[in-house]
Structures are given as structure tokens and as C-alpha cells.
Amino acid sequence: MTREMWEGNQAIAEAAVRAGLEAYFGYPITPQTEVLEYLSRRMPELGRTFVQAESELGAINMVYGAACAGVRVMSTSSSPGVSLMMEGLSYIAGTEIPAVLVNVMRGGPGLGNIAPSQSDYNQAVHGGGHGDYYPIVLAPASVQEAVDLMALSFDLAEKYRSICMMIMDGSIGQMMEPINMPEMRPVQRKDWDWATNGRMGKRERHVLTSIYLDPYEEEKTNLRLLERLQQVQANEVRYKEYFLDDAEFVVIGFGTAGRVSLSAVRAAREQGIKVGLLRPVTVSPFPHKVVDELVKRIQGFLVVEMNTGQMLEDVRLSVKGRAPVEFYGRPGGVVPFPDEVLAEIKRVASSRLSLEANPRDAWFERMMAMK
Amino acid sequence: MVTTANNLVYERPEGFTDTPTHYCPGCTHGVAHRLVAEVLEEMGVLEKTIGVAPVGCAVFAYNYFDTDFVEAPHGRAPAMATGIKRVLPDRVVFTYQGDGDLASIGMGEITHAAARGENITVIFINNANYGMTGGQMAPTTLPGMKTTSSPNGRDVETQGYPIRMSEMLATLDGAGYVVRRSLHDPKNIRLAKKAIRLAFETQLRGLGFSLVELLSTCPTNWGMTPVESLKFVEDKMVSYFPLGDYKISQGVAQLKV
Ligand SMILES: Cc1ncc(C[n+]2csc(CCOP(=O)(O)OP(=O)(O)O)c2C)c(N)n1
Ligand code: SF4
Ligand SMILES: [Mg+2]
């Protein structure tokens, strides 16, 4: 297969098409708009559904409808738009149907800016919409990985009747990279035993709702969703590891922060520092077990994120105070340079690390001292 | 009395499941349900119909119709219906929405579904208040009308004026069939049924967005008897919300049913 140059947003759009996307509903917002624009041409060309919705509320509820009908459907947006979609996401979760959403994150809160950011980790991973539910969340670090995860997103969403969200940042969305685009897979409309696509003389009627007026029934539903999370946790954890075998220190970062960290880790290795990188590809389910294993044999962690320490809390949850955890973040749409992360690695490798210190507070103090 | 074919006055339409109603006595939601079920049955499309229930007293509409059904977030039924209809264009897709659902929180969704000419049918129940939450002011509450959130009567100076949805939506080129009917007496109920039939025919022939607004009662929250509330619709609501055909596109005008 020959490698072709693709812009990230257009690449995931085409990857979704090739994974059998039957319907797309979206609304313009930077840095995601190229997905919408690309599909406005591509979907009709293939006789598939494309609608530019009146808002992200409209878009996500169109997704909800098409998902109920049992087709492969997705939407894409960026942070403020995804906030509007939270209502629909909660309903989709409560109805237990598959849907795929990509958040090309930007700096926030509020209108923020349009620079690459990882500020919506908590919103994506820890719910976001109301109620007890747990989406699957994937975090690619390159255009190729985003493309590869696109088909997986649909497969996972369908397997677990769950939301699968891909969180990437504007730099992956708008960067051009040489990639291998997967082959076109035929659209396969599956005859789900839950889809509301008309009885058509074949079966009893189907009803899809997120209402459980009886609290005991809602409780059962909540437990069912939790059970599914546990299956996902057992079967679907994905991560990339670099130089972990003999590592004394481990950097943990997802998406672009992970990619930048890899450059820094390589540079540190050249300088003789035994450091490795763990890059979660699924941030939900989080690779807790891997971190748990590492705790036993390393001297400390450095979490690197493009936010003020959101995944940091999940790392601390796995570490449980058994190893020092340090943090370095660049929030607000600032992308850290490899040199900055390298300096952090050196600092961590040469300091006396404490088990008690709060990594975010310590980082905050260092940040303020620099300003 | 033994029911025989001769004295049978009520029969459950095939379009209904065997479920006792949850609506209050005298509420015309039930009448509207029946009309829709009868029309779907008469048109022979129950098998391929997918309904979209709202948030409001009709939230449980899916319990009654013997068709596939989904239940939308408050106001978003037209967006959900769009998603379904676009991927299943040969199915019949309808929403059933109250006035709070459609004319307030769902104003964006209904307006754009109509503007896009979505080939769906909307049954719009205008009962001048938010029934389900206990009778608060709706966008359709009449000037001076008392509700639990306009206790001194709707003051248009501070609470604005009612919205005439049919008239508004009729201005959109995507709308194929938009009419207002009432459910306050048998004659009007018959006219309402005809309109519902025509709305679904509009959809079947691919003639664009269709909506039937039905003036409806809410005896419970209006604090009236069922008979008084029918009278209120006839005397007070019809004058503010005139019955009539607001949009009949050329294609729909040629339909014969
Ligand atoms: C997002 C959201 N906001 C508010 C509510 C509460 N709520 C439930 S029903 C309803 C009003 C429904 O009124 P209407 O659409 O007129 O229907 P009716 O009950 O009168 O038939 C409201 C505000 C909700 N369920 N969801
Ligand atoms: S509250 Fe009003 S609208 Fe709701 S069922 Fe009772 S009478 Fe009907
Ligand atoms: Mg109402």
C-alpha cells in the first residue's frame, strides 16, 4: 500500500466512510470543520446521508435517531460544540445504543480559543452528560492512529452498545501526515434485535427509550452499564509503551502530549537517563493494570498533559501513593515543546521525589515562579 | 350489556396496543392518539412506521401505538425523526409533540426540520400550557391566562405574546402541509382526522414536511371539567389560534384521499 498525505480531519472522515459510515450529522466549529466539509461532498457521492444540522443539539439528536435505526452513524465537533451534545450523549448512553463521536479539542473553558488542547479529558472520560454512564474514549497521537482507531470506534460502540468517543486535538486534526488509508469496507447494515426500523411484518415492535420511571429498573440499568464498563475494562485496554523494559522513570501522556513526550524520552535516553513512556490509547478504559505493574519496579512517574492535570487523577488512582507522581502541563491551547518535557524528565530523574507532595500543586508553584 | 357487532360503539384500533390510558379524564391527548392510530391503520403503514415521542404528557405515547417507537429528549423529536427518516426513507416517521416541547425548547429543531423540508409528519398538541410539569405557562398560553407560573394571568408586557406556530412554520418553503385543527367537538375531530390523513399522505408521496396542530384540552391544569375545557377551546383558543390551512404546497393540493 502506498502512503498518501492526508490532513487529520479529512483523514478521519475518509476512514469513517471506509469503515461503513452510513450517516453523518454535524455543525461547523474550528478545528473540526474539515470533517464536515469533506463529508458534505463525500457522503452524497456514495449515496449516504449527510446533514448539516442547525446546532450541535440538532446534530447529536439526529445521530441518536439514526443510531436507533441501527446504522453506523457519527458526528464530530470541538469542545464548545461537544458541551452542547452532552444532553444527547446522556440519552444515547441511557438508551444503550452505539454511536461514535469525535472531539477535536481546543482551549477552554468557554469560547476559549482554537488552539490544540486536551482540556476535555474529564468531560469525555468521566461522563460529561447527566447520569451514571461510562463512554469508551480513544486518544490517538497521530493522523495514522486516528485513522486506524476510526474503524475500531464503530466496532467497539456496536460490541458494547455504547458511546465511543475519540478525543484528539486540533494539531492532529489539522496536521498533514503520510499515512496508509485502510481499504473501503462495504456498508453492512446489521439486523440488530433492538433497532427501531419498522416491524416490516417480521417481528414484535421495538421501543427505544432512556426512561425507567421505576427506580429499581433504573438501578438495574445503571448496574448493567457498569457491568459493561467492566467488560470493556477487561477486554479493551490499549496502550503504547516505549523503553519501559529497563525504565527507572516513566512518562505518561496521551495524544499529542504523549507524542511530544516520546521525542523528549528519546532525547533523555541519548543522555543516559533510563526513562520510558506509557501512552494510553484508550483513556477509558484507562490502563490501570499497566500502571499498577510499573509501580512495583520504577522510581517515579511524570504525567504530561495539555491541561491542568486531568488524566493525572486517573494515574494517581492506579498508583495509590506507592510511587512518586510528578506533573507537567501546558493548558489553554499551549503545546509543550520536547525540550520542556526533557527538562522535566531531568528534573524528576535528579530530584529527591516525595510520595506525599500533591503533583498539581507542586507544578503550579513551578509555573507561577516561571511567570 | 353484552357487546355485539350491532351495539359496538368503541373498538380499539389495530394501531393501538392493549394498554390502559395514563391520560387524565377528558384530556384530548387520547383523542389525538386514536386519530393517529386509525389513520396509520387505514393507510396500512403500521408495519413501517416509527414514532418519536416527546417529553411532556405524551412521553409514554410509545406504550399505545403498535409501531416501533423512540423517546426523544425534550424538544428534539424533529432532529431524531430527521436521523431516522434520512437513513430509512421508505419508512413512515412521525413525531408527537406538545407546545412546550415544540414551541419553546424545541423551537430550533422544529423550525429547521420544516426549513429542510424533512419528509416527516408532526402531530402538534397545543394545550396552552406545560401539562406534564403541572401547568406552567407555555409559549402558547393565552394573554391573561392563569397558569402556575403566571399566577396573575399572562402579562404580555413582561411575559411576551403567544406564538402561532402553524402560521410561522407556513412561511418556510420546506413545509408542504401545515394546518391547525381542533379537538373540541365531533365535527372538528373528523376534520382533524382528515388533516392527519393528508399529512401522512404528504409524507408517503415525498412532498416534504407536514404538521397538524391540534388545539387540545388540559382539564386538570386548567382547573375545569372536561366539558368546560372543551368550551374553553372553542370560545377562547380558537379565536387566538384560528383554525385553517396555513400551507398547502402545490403538490399536496393535488392529493386526493
Ligand atoms: C431538558 C428538560 N427541561 C425540562 C424538562 C421538564 N419538562 C417535562 S415535560 C415539560 C413540559 C411539557 O409541556 P408540553 O410540551 O406542552 O406537553 P404537555 O405535557 O402539555 O402535553 C417540561 C418542561 C425536561 N424533561 N427536560
Ligand atoms: S395534565 Fe393535562 S395534558 Fe396532561 S394528561 Fe392531564 S389533562 Fe392531559
Ligand atoms: Mg402543552
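Throughout, a chain's letter reflects where its sequence line sits, starting with A, and its residues are numbered from 1.
- No other option in A:Ser55, A:Ala66, A:Gly70, A:Cys68 has as many heavy-atom pairs under 4.5 Å with chain B as A:Ala66.
- Proximity to chain A (any heavy atom under 4.5 Å) is restricted, for B:Phe60, to the side chain, taken from C-beta onward.
- In this structure, B:Ile84 and A:Gly65 approach most closely via the heavy-atom pair CG1-O, 3.2 Å.
- For the pair A:Arg189/B:Leu88, a side-chain contact is recorded, criterion being any heavy-atom separation below 4.5 Å from C-beta on.
- At a heavy-atom cut-off of under 4.5 Å, chain B is reached by A:Val207, A:Leu208, A:Thr209, A:Ile211, A:Leu213 from residues 207-222 of chain A, listed in order of number.
- Across A:Glu204, A:Lys202, A:Glu54, the residue that shares the most heavy-atom pairs under 4.5 angstrom with chain B is A:Glu54.
- Interface remark: A:Ala195 contributes backbone atoms only to the contact with chain B (heavy atom separation under 4.5 Å).
- Distance check: A:Leu57 CG to B:Arg76 CZ gives 4.5 Å after rounding to the nearest 0.5 Å.
- Among residues 193-214 of chain B, no residue has any heavy atom closer than 4.5 Å to a heavy atom of chain A.
- Residues B:Arg91 and A:Thr196 fail the side-chain proximity criterion, which asks for heavy atoms closer than 4.5 Å.
- Only the side chain of B:Thr17 comes within less than 4.5 Å of a heavy atom of chain A; its backbone N, CA, C and O stay farther away.
- Annotation for A:Gly58 and B:Ala79: closest pair O-CB, 3.6 Å, computed over non-hydrogen atoms.
- In the displayed structure, B:Ile248 atom CD1 is contacted under 6.0 Å by more than 12 heavy atoms of other residues, nucleotides or ligands.
- Remark: B:Thr49 OG1 to A:Met200 CE distance equals 9.5 Å, nearest 0.5 Å.
- A 6.0 Å sphere centred on CG of A:Asp155 holds more than 12 heavy atoms belonging to other residues, nucleotides or ligands.
- Listed in order of number, the residues of residues 46-53 of chain A that approach chain B to under 4.5 Å between heavy atoms are A:Thr49, A:Phe50, A:Val51.
- Remark: B:Glu14 CD is loosely packed, at most 12 non-hydrogen atoms of other residues, nucleotides or ligands lying under 6.0 Å away.
- In this structure, the separation between CZ on B:Arg86 and CE on A:Met62 is 7.5 Å, given to the nearest 0.5 Å.
- When the options A:His206, A:Arg203, A:Arg205 are evaluated for a side chain to side chain donor-acceptor pair (under 3.5 Å) with B:Asp68, the one that passes is A:Arg203.
- With respect to chain A, the highest number of heavy-atom pairs below 4.5 Å among B:Arg116, B:Met80, B:His112 belongs to B:Met80.
- The stretch residues 88-103 of chain A places A:Tyr91 near chain B, each with some heavy atom under 4.5 Å from a heavy atom of that chain.
- Atom CD of A:Glu87 and atom NE2 of B:His74 lie 9.5 Å apart (nearest 0.5 Å).
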